[in-house]
Amino acid sequence: MTKKRRAEIVAGELDRLYPAPCIPLKAPDAFTFLVAVVLSAQCTDKRVNDVTPELFALADTPLKMSRLEVEQIRGIIRPCGLSEAKARNIKSLSTEIVSKFGGRVPDNFKDLESLAGVGHKTASVIMQQVYGIPAFPVDTHIHRLAKRWGLSSGKSVGQTEADLKKLYPPQDWGKLHLQFIYYGREHCKAHTCKRPDNLCRICRLVRGCEK
């Protein structure tokens with residue numbers, strides 16, 4: 001089976017399972033969504049959604065957030081883990097958005113990635129989900145599944161992103177990003193696979209477990 005054919009089967013199965021995947025993080029605008037994405041690093045979306053209402057009630061704009069003390073932010077976001085670094089980054093990026101970008105979350109990769117705590121993956125999420133500019137953010141779930149399904153060599157997250165972008169059209173990247181994540185979280189985890197379906201069969205074919 002060719003890589004292209006595997007990619008087609010993967011997309012078809014994911015469309016069947018998740019025809020209209022929703023963005024799991026809850027936030028009303030670009031700035032609050034950016035903060036939520038920063039908080040989601042090594043943390044579940046559910047926990048982020050539990051924490052952010054209190055934070056955003058206190059500060060829901062870059063200006064308001066920049067005026068908070070780091071310890072105020074940290075006290076609220078502590079359940080998300082890595083709270084010290086995340087609190088510093090949230091205050092810093094808020095200050096930078098106010099001072100450098102007129103209070104508006106940047107709409108390009110260069111400026112987004114210049115913000116404290118914002119790497120390429122986070123910037124890709126913002127570009128795709130907020131501004132509708134095609135991007136394919138790759139997290140640990142997507143990186144793992146792309147390798148298991150033989151869609152990428154899996155040597156690096158950057159290589160996985162490049163390989164997936166070659167296999168799928170830009171208009172599908174945002175949807176596939178969410179579909180991969182949902183499938184990885186629910187069925188094909190790091191050490192277990194709970195769903196013996198066509199996607200598992202592709203995984204076995206790639207590993208040589210099935211002819």
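No hydrogens, no waters, no symmetry mates; every other heavy atom, side chains included, goes into these values.
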For the student: nearest non-hydrogen atoms of [X] and [Y], plus distance:
X    : Y    : value
T95  : S66  : OG1-CB, 3.5 Å
L151 : D163 : O-CB, 3.6 Å
K26  : N49  : N-OD1, 2.9 Å
V51  : I77  : CG1-CA, 3.8 Å
A123 : V118 : N-CG1, 3.9 Å
L68  : K91  : O-NZ, 2.7 Å

>> Taking salt bridge (charged side-chain N to carboxylate O under 4.0 Å, His left out) as the definition, give me every residue that meets it alongside D172, ordered by chain and number, with sequence neighbours left out.
In response: none

When you measure from the side chain of [X] to the backbone of [Y], do you find a donor-acceptor pair of N or O atoms at a distance under 3.5 Å?
X   : Y    : result
S40 : C43  : no
K86 : L39  : yes
Q72 : E69  : yes
E96 : A116 : yes
T44 : R47  : yes
R6  : W149 : yes

Just verifying a value: how many Å separate [X] [atom1] and [Y] [atom2], rounded to the nearest 0.5 Å?
X    : Y    : atom1 : atom2 : answer
D60  : L55  : CG    : CG    : 9.5 Å
L176 : K165 : CG    : NZ    : 13.0 Å
R88  : L82  : CZ    : CG    : 10.5 Å
K64  : S94  : NZ    : OG    : 12.5 Å
S156 : H143 : OG    : NE2   : 7.0 Å
I181 : I23  : CD1   : CD1   : 10.5 Å

Is it the case that [X] and [Y] place a side-chain donor and acceptor less than 3.5 Å from each other?
X    : Y    : value
E113 : H120 : yes
E8   : Y168 : no
T32  : D29  : yes

> Out of Q179, K175, E186, which residue meets the side-chain hydrogen bond (donor to acceptor under 3.5 Å, both in side chains) rule with Y18?
Replying inline: E186

[X] versus [Y]: any side-chain heavy-atom pair under 4.5 Å?
X    : Y    : answer
H177 : Q128 : no
P24  : Y182 : yes
F56  : V35  : yes
T160 : F136 : no
T122 : L34  : yes
P79  : D50  : no
K121 : D139 : yes
F31  : L93  : yes

>> Under the criterion side-chain contact (heavy atoms from CB on, under 4.5 Å), I'd like the reasoning laid out for S152 against K147: C-alpha separation, chi angles, the key distance, then a yes or no.
In response: CA-CA 5 Å; S152 176; K147 182 177 182 180; 5.9 Å; no

> What do the steps show when you test F180 against W173 for ring-ring contact (aromatic ring centres under 6.0 Å, His included), and what is the final call?
Replying inline: CA-CA 10 Å; F180 269 68; W173 292 350; over 10 Å; no

Consider only side-chain heavy atoms of I, L, V, M, F, W and Y, link residues closer than 4.5 Å, and tell whether [X] and [Y] are in one cluster.
X    : Y    : result
L63  : L115 : no
M65  : V98  : no
L17  : L145 : yes
I76  : V70  : no
V157 : L167 : yes

>> So for atom CZ, which belongs to R78, do other residues, nucleotides or ligands contribute more than 12 heavy atoms lying within a distance under 6.0 Å?
In response: yes

>> Run the side-chain contact (heavy atoms from CB on, under 4.5 Å) test on V105 and V130 for me, step by step, so that the C-alpha distance in whole Å, both residues' side-chain angles and the decisive distance to 0.1 Å come before the verdict.
In response: CA-CA 10 Å; V105 175; V130 174; over 6 Å; no

>> Check this for me: does any side-chain nitrogen of one of D111 and R104 sit under 4.0 Å from a carboxylate oxygen of the other?
In response: no

>> Between D45 and R185, does the side-chain contact (heavy atoms from CB on, under 4.5 Å) criterion hold? Intermediate values first, please.
In response: CA-CA 11 Å; D45 293 332; R185 288 176 178 174; 2.7 Å; yes

>> With side-chain contact (heavy atoms from CB on, under 4.5 Å) as the criterion, how do F33 and V125 come out once you've worked through the C-alpha distance, each side chain's angles and the decisive distance to 0.1 Å?
In response: CA-CA 10 Å; F33 186 67; V125 173; 3.7 Å; yes

